[in-house]
Number of protein chains: 2
Amino acid sequence: MASRNMTQAAFFVLTALADQPRHGYGILREVEELSDGAVQLRVGTLYGVLDRLTADGLIVLDREEVHEGRLRRYYRLTDEGMRALDAEAERMAAGASAAKRRIAEGRGAPGPVTNPAQGPGLAGGLA
Amino acid sequence: MASRNMTQAAFFVLTALADQPRHGYGILREVEELSDGAVQLRVGTLYGVLDRLTADGLIVLDREEVHEGRLRRYYRLTDEGMRALDAEAERMAAGASAAKRRIAEGRGAPGPVTNPAQGPGLAGGLA
DNA sequence: CCATGATATCTCGGTTACCGATATATAGCG
DNA sequence: CGCTATATATCGGTAACCGAGATATCATGG
């Protein structure tokens, strides 16, 4: 079970593998491309992530090919990996949206500056 | 400069502080609440994050209050922290959206490009 | 022919980050 | 008096990151 939260690196590896199987080096380039250069997955990080994701059953070794004398080891998502990625994408989207909402509130502050009924237990007066 | 990618914990702390200054324990509850329980920021993690964010100039100590005999140390975002949060939210939203697009592609037919509805709305469907 | 760079795999070790446990302190409930 | 909630903070083991290097093939080019 994924008791621990997924790391950024793991998330982007899963995303790179979501549409088709890819090999390590291809994942590296794909992550950089799909994040528009914002996320740079390092080589030293990649294989650790790959091992961890495999151990967790989120990805599996799809096949091995020899292309131009160079070995390519392709990985692909499992069903569980697909589900985990979907859930994580949901969490990230929600987090990003919450952040943006708050940024807008904090800057413009139209209407009541204080949010009155925000959550339970916040009913304290001020000292 | 934030050469290293921001951690999940740091992101959610910044988000919790985006609308108003909060103290440590309040951040803890706020993060859990705004993520709907999905993200549990641990006490042991919090103060390390707070120190790091302060050192990076993304937050500052706002004020100290004594409430019911208990000390409350309030932190607030700096302008730089606001900018960093905004940028990170953008990156997360882009990543989440890329992941969902790929999930849809991978699941759908291998034929022509399917055209999923755009927008922030979630088209989950993985029951 | 060899240097360089791109492609491709993987390991090692230092640094950073996470988080359970623990310590300290006040207040309220039973 | 013990338990829970609030509130701070530190310590140490584990997990993760990532720069650096090892190994190997092929293309470019000086």
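Throughout, protein chains are lettered first and strands after them, A, B, ... in sequence-line order, and every chain is numbered starting at 1.
Atom pair Leu50(B):CG and dA17(C):P shows a separation of 14 Å (rounding to whole Å applied). Note: CZ (Arg63(B)) to C1' (dT8(D)) measures 16 Å, nearest angstrom. A straight line from CZ of Phe12(B) to P of dC18(C) spans 13 Å, rounded to a whole angstrom. One can place CG of Asp56(B) at 12 Å from C1' of dT16(C), the figure rounded to the nearest angstrom.
OP1 or OP2 of dC18(D) lies within a sub-4.0 Å distance of a side-chain N or O belonging to Thr45(A). Phosphate proximity of dA21(C) to Arg42(B): absent, as no side-chain N or O sits under 4.0 Å from OP1 or OP2. Side-chain N/O atoms of Arg29(A) include one lying less than 4.0 angstrom from OP1 or OP2 on dA8(C). Using a 4.0 Å cut-off, some side-chain N or O of Tyr47(B) falls inside it from OP1 or OP2 of dT8(D). OP1 or OP2 of dT8(D) lies within a sub-4.0 Å distance of a side-chain N or O belonging to His23(B). Regarding contacts with the backbone of dC17(D), a side-chain N or O of Thr7(A) is found under 4.0 angstrom from either OP1 or OP2. Applying the 4.0 Å criterion to OP1 and OP2 of dA15(D), one finds that Arg52(A) has every side-chain N and O outside that range.
Of the two residues contacting DNA chain C, namely His67(A) and Gly44(B), the nearest-nucleotide position lying further toward the 5' end is that of His67(A).
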Indicate every side-chain donor-acceptor pair of residues 45-63 of chain B with a distance under 3.5 Å to a residue at least two apart or in another chain.
residue, atom, partner, partner atom, Å
Thr54(B), OG1, Leu50(B), O, 2.7
Asp62(B), OD1, Arg76(B), NE, 2.5
Arg63(B), NE, Glu65(B), OE2, 2.9
Arg63(B), NH2, Glu65(B), OE2, 3.4

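Across Ala9(B) and Leu41(B), no two heavy atoms sit closer than the pair CB-CD1, 3.8 Å.
Here Gly24(A) lies in heavy-atom contact (under 4.0 Å) with sugar-phosphate atoms only.
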Show the distances under 3.5 angstrom between N or O atoms of the protein and N or O atoms of nucleotides 25-30 of chain C.
residue, atom, partner, partner atom, Å
dT26(C), O2, Arg70(B), NH1, 2.9

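Taking the charged nitrogens against the carboxylate oxygens, Glu30(A) and Arg102(B) do have a contact shorter than 4.0 Å, which makes a salt bridge.
With dT7(C), dT6(D), dC18(C) as the candidates, the nucleotide lying closest to the side chain of Val49(B) is dC18(C).
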